[in-house]
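To start, the structure under review is shown below, and the notes come after it.
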Amino acid sequence: MENFEGFEKVRQGAEARIYVGKYLGKLTLVKERFEKKYRHPDLDASLTKDRIKAEIRAIMRCKIAGIPTPAIYLVDLERRSIFMEYIKGLTVKEYVEKSEAEFSEIRVDGRGNLNNMLHQLGLRIGHIVARMHCSNIIHGDLTSSNILICPGNCDGGSELEEFGIDELMVTIRDSLCRSPSNQDYKLVIIDFGLGKTDSSAEDKGVDLYVLERALLSTHPKVAPKTLFPAIMKGYTDKCGKSAPEVIAKLDEIRMRGRKRTMVG
Amino acid sequence: MTPEEFELDKSTNSFVQIALFRNVQNTKELKAMLLSGQLECSMINPALILAPFQIVIAVNKAVLSENQKKLTTRNVFTEVLYNLSASKNITQSLKRFGINEDDKSLVVVAIRKNEISSLDRVLPLISGDQCPIGEIKSLTDITLIQKTYNVKDEELKASQLLDSIVSRISAKDIFTFKM
């Protein structure tokens, strides 16, 4: 990012760079969709603009529907960047991996406790995905890295205090174990870069399929028996009438893969 | 009393200055001066302001638009009022967020670039009591804010009202909000 003092690059993906810094007095995350030199500049500019717009639309639709997403501080199409609230928390991926390591070390009956906790977490993830789908929002890239888990009392962006990962782990685990349905922690959905609005069961099925595949490969020990079944239970509980159709689609997609065959 | 000052986007080299006034006696004249372009500032109805951050977000966007030559309204000060609203209707936005002739309290917003600010010229013209910006809370009308920005209770289960408002201000060019 040019001419941007005070920001530190923290991640780099195929589409964008992520910077964190203080902006307008708040801890802020900047997602800059950098230039792709291999594309024609005009095409690159218009693709980037469209993607930033699609991402903002998905974030705002979620927010209005009561699904936690980061607050937007600035959309700067000129600088190809979205400035948004930095959320203090762990990704579900980090949380699950750390929990797996800690629980199996400390206790003999670690498995049982771990499974119980992941079951609760899965239910909540299922609920939130169901709510997105009920509002016809397709995330497009649901993975355990794109769901943040953070203590309910965290007021994102407000203070630049250091929050240790271990401290966060303890707070989150405490609230997960104490009572299943409590609101002491919240799940925040991030990275709507592939988001769109669609009401078809096919798209919702693909959304779940992507999540399943991501979880199975990222968390092979806990995803098949605990985490994903809990997500599906949470999804079915909250989704109501439209759930069977989406689940039928999911089964169909499992057989053929994410892309539809173009034959016939 | 020195006005509250906040730094804007570093690329603009600008700061926003915010001052709150109560018991204002000459709102009618101030409004006339604003309309004839004599005052280089925005004057905002405090009932619709939840926190200074809301103003900072709107001013930051206005100053960046000015630098990028992308202003929607006549100048950066009307742009601030327009930005504050989630609606794309300019007249309505300026009317709602601007001041009315019989208002007794108002928020003055000016921009300081380098050491130059228009605020010094504006403040002496206001006959009223300047108060700390923190007192804005007592003038905020939450019900009116929720109605103006159309934030339903459903949304507030997952988001703070201030976050919902600033997100609307930031996203209004891209997302059309139901009003």
Side-chain angles (χ1 to χ4, degrees), chain A residues 1-7 21-26 28 30 49-79 81-85 87 127-128 131-132 134-135 152 154-158 183 186-189 197, chain B residues 4-16 18 50-70 83 86 133 146 149-179:
Chain A
M1 191 156 49
E2 290 158 38
N3 307 327
F4 242 98
E5 23 173 328
F7 277 85
K22 205 150 189 189
Y23 190 70
L24 308 178
K26 305 265 183 184
T28 300
V30 179
K49 266 186 193 173
D50 288 348
R51 286 180 186 168
I52 291 177
K53 287 179 178 174
E55 183 162 359
I56 293 296
R57 284 192 195 105
I59 291 174
M60 287 316 300
R61 282 184 65 109
C62 277
K63 205 174 276 303
I64 290 166
I67 297 153
T69 49
I72 312 293
Y73 294 157
L74 177 73
V75 184
D76 194 334
L77 295 175
E78 203 109 317
R79 282 186 292 195
S81 301
I82 299 174
F83 292 62
M84 59 190 128
E85 170 191 10
I87 290 165
H127 291 165
I128 216 158
R131 281 178 65 188
M132 274 199 311
C134 287
S135 307
C154 74
D155 250 340
S158 52
Q183 303 288 316
K186 60 178 178 183
L187 297 175
V188 182
I189 311 286
T197 55
Chain B
E4 201 81 31
E5 193 171 276
F6 302 88
E7 187 179 13
L8 299 179
D9 192 296
K10 289 229 168 40
S11 70
T12 67
N13 287 319
S14 303
F15 294 77
V16 55
I18 305 176
L50 186 65
F53 188 55
Q54 179 185 355
I55 299 176
V56 175
I57 288 280
V59 176
N60 188 53
K61 188 176 167 185
V63 175
L64 283 167
S65 301
E66 189 186 33
N67 290 354
Q68 297 173 358
K69 308 219 174 336
K70 279 185 184 163
N83 282 353
I133 190 70
Q146 255 188 270
Y149 284 97
N150 193 18
V151 181
K152 299 265 162 38
D153 292 340
E154 181 71 17
E155 180 173 346
L156 294 178
K157 283 182 198 158
S159 168
Q160 308 268 346
L161 182 56
L162 183 60
D163 286 338
S164 288
I165 293 172
V166 300
S167 300
R168 276 167 171 72
I169 294 173
S170 309
K172 73 182 263 190
D173 316 288
I174 292 166
F175 189 92
T176 306
F177 295 97
K178 282 196 200 112
M179 291 317 242

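Side chains included, hydrogens not; waters and symmetry mates left out as well; all remaining heavy atoms used. Keep in mind the model is a prediction, meaning the values are calculated, not measured. Reminder, nothing fancy here: chain letters follow the sequence lines and each chain counts from 1.
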Reported CD-to-CD1 distance for the pair B:E155 and A:I67, which is rounded to 0.5 angstrom
11.0 Å
What is the ring orientation for A:F83 with A:Y23, classed by angle as parallel under 30°, tilted 30 to 60°, or perpendicular over 60°?
tilted
Could you check which of A:E78, A:M84, A:K53 has the highest count of heavy-atom pairs closer than 4.5 Å to chain B?
A:E78
Counting heavy-atom pairs under 4.5 Å to chain A, which of B:N60, B:V56, B:V166 comes out on top?
B:N60
So which residue, A:I56, A:V188, A:V75, A:L24, ends up with the most heavy-atom pairs under 4.5 Å with chain B?
A:L24
Working to the nearest 0.5 angstrom, can you tell me the gap between A:I59 CD1 and A:I72 CD1?
4.0 Å
B:D163 side chain to A:A71 main-chain N or O, any donor-acceptor pair under 3.5 Å?
no
Starting at CZ of A:R61, measure out to CE of A:M132 and round the result to the nearest 0.5 Å.
12.0 Å
Side chain, backbone, both or neither: which part of B:E7 has an atom under 4.5 Å from a heavy atom of chain A?
backbone
Quiz item: cation-pi between A:K26 and A:Y73, 6.0 Å / 45°
no
Quick check for you: among B:I165, B:T176, B:L162, B:L64, which has the greatest number of heavy-atom pairs under 4.5 Å with chain A?
B:L64
Check each atom of B:L8 against the heavy atoms of chain A and say whether the ones under 4.5 Å are side chain, backbone, both or neither.
both
Taking every heavy-atom pair that is under 4.5 Å apart, which of B:K152, B:R168, B:K61 has the most such pairs with chain A?
B:R168
